[in-house]
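These notes concern the structure reproduced below.
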Amino acid sequence: MTNSDIIDILEQTAKLLDLHDGDPFRIRAFSSAAFSLDKVPVSLTEQYVAELTKLPGVGKTIANAVREIGDTGHLAELDGLLAQTPPGVIDMFRIKGLGVKKIKTLWQELGIETLRDLRQASESGRVAAIKGFGEKMQKNILDNLAFLESQAGKIRMDKADRLATQLRDELSSLGRVEISGQVRQRATEVDTVELLVESDEPVAVQSFLNGHTGLTQHRADSSPFAWRGQADGSDVRVAILTYPANQFDQQLFIRSAPEAHLIEKGPTGKTLLQTALQISPHNPEEAIYAQTGLPFVVPEMRENPQAFAWARQHQTDDLISWDDLRGTVHNHSTWSDGQHTIQQMADYAREIGLSYFGIADHSPTASYANGLSAERIRQQQAEIDQINADYAAQGIAFRVLKGTESDILGDGSLDYSNEVLSSFDYVVASVHQTLSMTEEKATARLLRAIENPYTTILGHATGRLLLAREGYPIDHRAIIDACAAHNVVIELNASPYRLDMDWRWIEYAMSKGVWISINPDAHAMRGLLDMHYGVYAARKGGLTKDRTFNAMPLAGMLVWLEKRKKG
DNA sequence: GCCGTTTTCGGCCCGACTGTTTTCAGTCG
């Protein structure tokens, strides 16, 4: 049970209490406890009840609830509420624009209990006819249902990675185990977690898996060599394939690239697939490419249709890697909605080998996130000056940079005065509200922000949340062209929830000479590690070290920022 | 349910935006 698991349970309890007409103040207590616990930098499962009650918004009842969740993984009260609620009604919370009140109306007035019911009611116009609903809401529901259906059965790369790693460790007693498939290719969204086991005893592998709690086999899809099923509590499919030693390496290659990549032909007319099947066992993947007469492509880039074109122009070593990162520029602290102080975050950044840490807390429009007023910006910058003075006094070559994540308002302007904007080393400009826009409106809004001379970095360009929210449509070429013209860096938001901008646009951005910054958008120390996911996505798109903004060393970064401010 | 006292009750409560309205409820970050 992580803090966010516990917070999710408290939030869901609040929603279901609301759905079942609970006491409004009790509902608010659960919901605000969840909100404030989200900012607590300690592990909730490790706290005693007496310690928990000292936290803001936590009294005896919620402290006991947190303990119960920590100890049992469940909250009896939530289980009771869930038992009274059709699962399809709970699914409706995933539709953006539907909250408790509207879901309650749909359930009670139209008797809607499944997403299928909801679609039928929307298609037949019955939803628009309810008081408080209308044509636009009905269309929004249908659009959201279509998006959710298209994402069904997928999980984010971070969850897939955890599941795959866990299975690999558990299976390792049976022999050599390798993660293959989409996880090895670092797909941003995964529908099948696949692993290969090297063994001459497929029966032993199958019986091990069938004795595994948390996995359920789909017998119809399985064979003696291929166990297929799914992880309990998740829609994602799991495939565990057993191969003898003399087939293992070639299968690992074949199962780590999409078909379009495997049927690429070399100068002799032979495809990668043909070579892989003919090559003698235990040859490295590089040998398969070499014997086909094609340049080597790293697994994460194999789903990129431009991979071979990229590999003919660059070396694999040109690709950005974790070790090349020198700093980080988009992060939050306790000044806005982060869990840790600037000092804690900066020290952690040092610990993981970086030489600069940029703070970019929220601006006033993000009031829900405790965005900073002009006055609080002055105080924060004084604190940063002090931290930097302390590092310098200790002879530590590390710098905290003064940034902001300034909201892009509806008209494309930023929400600080020019005087405040000029006090930062750099400005990350991001859209956080009014996300529902046409492509024309969204593009015009971003273009105005890019043209602002104070904008240094364009934050999460489309506002998407993988598997949950599509993001507003933008004219990517126009946005990238404008960034090139105005020397604006584009963020690759490294949060596994976002990975925005999409890796498919990296090549175009590079061709225009645009810098790309791998930004963790960290709200806690460990959030800095999300840059790993950003690196995976960046490598998919072929991002090179020399175009990665935060691969710039500290000295170069300071010069670049200074020059950029002078225009 | 939590909090903070004018201390065991009485008051809690972000604000912009959207889609629905015709003055505002519901949603969201």
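Here is how names work: the chains are called A, B, and so on, in the same order as the sequence lines, proteins then strands, and each is numbered from 1.
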- Task: Check whether more than 12 heavy atoms from other residues, nucleotides or ligands sit under 6.0 Å from atom OH of Tyr497(A), and answer yes or no.
- Result: no
- Query: If you count the non-hydrogen atoms of other residues, nucleotides and ligands that lie under 6.0 Å from CD in Glu419(A), is the total more than 12?
  - Reply: no
- Message: The criterion is side-chain hydrogen bond (donor to acceptor under 3.5 Å, both in side chains); which residues satisfy it with Thr53(A), sequence neighbours excluded?
- Response: none
- Task: Nearest-nucleotide wise, let me know which of Phe93(A) and Thr434(A) is further upstream toward the 5' end of DNA chain B.
- Result: Thr434(A)
- Task: Tell me which of Glu135(A) and Gly97(A) sits closer to the 5' end of DNA chain B, going by the nucleotide each one is nearest to.
- Result: Glu135(A)
By the 4.0 Å heavy-atom rule, please label [X] as base, sugar-phosphate, or nothing.
X	answer
Leu98(A)	sugar-phosphate
Lys131(A)	nothing
Leu55(A)	sugar-phosphate

- Across all chains, not counting sequence neighbours, the side-chain contact (heavy atoms from CB on, under 4.5 Å) partners of Ala522(A) are Asn331(A), Met345(A), Pro520(A), Leu528(A)
- Query: Taking only residues two or more places apart in sequence, or in another chain, which ones meet Ala468(A) in a side-chain contact (heavy atoms from CB on, under 4.5 Å)?
  - Reply: Leu465(A)
How far, in whole Å, is [M] from [N] if one measures between their [atom1] atoms?
N	M	atom1	value
dG19(B)	dC12(B)	C1'	29 Å
dC2(B)	dT7(B)	C1'	15 Å
dC17(B)	dC13(B)	P	23 Å
dT20(B)	dC28(B)	P	14 Å
dT6(B)	dG11(B)	P	15 Å
dC9(B)	dC14(B)	C1'	26 Å
dT5(B)	dG10(B)	C1'	11 Å
dT8(B)	dG1(B)	C1'	14 Å

- Item | Pair partner, dT8(B) [Watson-Crick or wobble, under 3.5 Å] | none
- Query: With His532(A), which residues qualify under ring-ring contact (aromatic ring centres under 6.0 Å, His included), at least two apart?
  - Reply: Trp322(A)
- Note on the structure: Contacted region of DNA chain B by chain A, from 5' end to 3' end of the hits, cut-off under 4.0 Å to heavy atoms, spans dG1(B) to dG29(B)
Name every donor-acceptor pair, under 3.5 Å, that has one atom in a side chain of residues 125-140 of chain A and the other anywhere in the protein, sequence neighbours excluded.
residue   : atom : partner   : partner atom : Å
Arg126(A) : NE   : Ser124(A) : OG           : 3.2
Gln138(A) : OE1  : Val127(A) : N            : 3.3
Gln138(A) : OE1  : Ala128(A) : N            : 2.8
Gln138(A) : NE2  : Ser122(A) : O            : 3.2
Lys139(A) : NZ   : Asp143(A) : OD2          : 2.9
Asn140(A) : OD1  : Asn144(A) : ND2          : 3.0
Asn140(A) : ND2  : Lys96(A)  : O            : 3.0

